[in-house]
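Working notes, structure below.
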Amino acid sequence: MPNWGGGKKCGVCQKAVYFAEEVQCEGNSFHKSCFLCMVCKKNLDSTTVAVHGEEIYCKSCYGKKYGPKGYGYGQGAGTLSTDKGESLGIKYEEGQPHRPTNPNAARMAQKVGGSDGCPRCGQAVYAAEKVIGAGKSWHKSCFRCAKCGKSLESTTLADKDGEIYCKGCYAKNFGPKGFGFGQGAGALIHSQ
């Protein structure tokens, strides 16, 4: 049957979509009235849509259907959700292993972001956990004084021989000693 002036076909109802009523998403066209979440039927827009194959969802329903499941993936800070989405018509599929979209992602991450090794532990330092101090990349958890273990910032450290120290420990261990070099204004320390 010829398409007399009709636009593209709607990804939901398969009827012709005319320019004035067209919403485009991931190369597909939809009627504005059909651009709804497949589960909860909420209106979608470019900031709330999540696409899976040819199906469109709101981000909440997409997360419940295709997102990670289990301990630690709740709906807010400190919560555990065991909701599998049955109330929204989502059929939970048990036993489907997660397949990353890029099977070489771990190798790629090492090449791109993990080229620096932490001087303290020797492990790769990725961008999300990187702190730069003394000209090197450190893990946030390793960025501590070598003597007292105090957490450091790039402005509160002193380095010597590839190790980092808080300014107090650096002064005690490597600073000048003797008459007139005390710990504060007017202090005297007698060192032997």
(message) Test of understanding: clusters of I, L, V, M, F, W, Y form through side-chain heavy atoms closer than 4.5 Å, transitively. Do Val39 and Val51 belong to the same one?
(response) yes

(message) According to a hydrophobic-cluster definition based on side-chain heavy atoms being under 4.5 Å apart (Ile, Leu, Val, Met, Phe, Trp, Tyr only), do Val12 and Val23 belong together?
(response)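 Yes.
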
How close do [X] and [Y] get, heavy atom to heavy atom, and via which atoms?
X	Y	result
Leu157	Ile164	CD1-CG2, 4.2 Å
Val125	Gly117	CG2-C, 4.0 Å
Cys58	Cys37	N-SG, 3.3 Å
Ile56	Cys34	CD1-O, 4.3 Å

Taking atom [atom1] of [X] and atom [atom2] of [Y], what is their separation to the nearest 0.5 Å?
X	Y	atom1	atom2	answer
Lys8	Phe19	NZ	CZ	9.5 Å
Cys118	Glu129	SG	CD	8.5 Å
Lys65	Met38	NZ	CE	7.5 Å
Lys150	Lys167	NZ	NZ	10.5 Å

(message) For Glu163, give me all partners under salt bridge (charged side-chain N to carboxylate O under 4.0 Å, His left out), at least two apart in sequence or on another chain.
(response)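 For Glu163 the salt bridge (charged side-chain N to carboxylate O under 4.0 Å, His left out) partners, ignoring immediate neighbours, are Arg120.
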
(message) For Glu55, give me all partners under salt bridge (charged side-chain N to carboxylate O under 4.0 Å, His left out), at least two apart in sequence or on another chain.
(response)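 Not a single residue meets the salt bridge (charged side-chain N to carboxylate O under 4.0 Å, His left out) criterion with Glu55.
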
(request) Applying side chain to side chain contact (heavy atoms under 4.5 Å, CB included), name anything that partners Glu153, two or more places apart in sequence or on another chain. (result) Thr155, Thr156

(request) Would you mind listing every side chain to side chain donor-acceptor pair (under 3.5 Å) that reaches into residues 134-147, with sequence neighbours excluded? (result)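 Listed once each, the pairs are Asp116-Ser137.
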
(request) Scan residues 29-46 for pairs that pass side chain to side chain donor-acceptor pair (under 3.5 Å), counting only residues two or more places apart or in two chains. (result) Glu22-Ser29, Asp45-Thr47, Asp45-Thr48

(message) Over 60° means perpendicular and under 30° means parallel, so tell me whether Tyr57 and Tyr66 are parallel, tilted or perpendicular.
(response)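 Rings of Tyr57 and Tyr66: perpendicular, as their planes differ by over 60°.
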
(message) Through direct or indirect side-chain contacts below 4.5 angstrom among Ile, Leu, Val, Met, Phe, Trp and Tyr, which residues connect to Tyr170?
(response) Tyr165, Phe174

(message) Is it the case that over 12 heavy atoms from other parts of the model lie below 6.0 angstrom from the CD atom of Glu54?
(response)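 For Glu54, atom CD is not crowded (no more than 12 foreign heavy atoms under 6.0 Å).
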
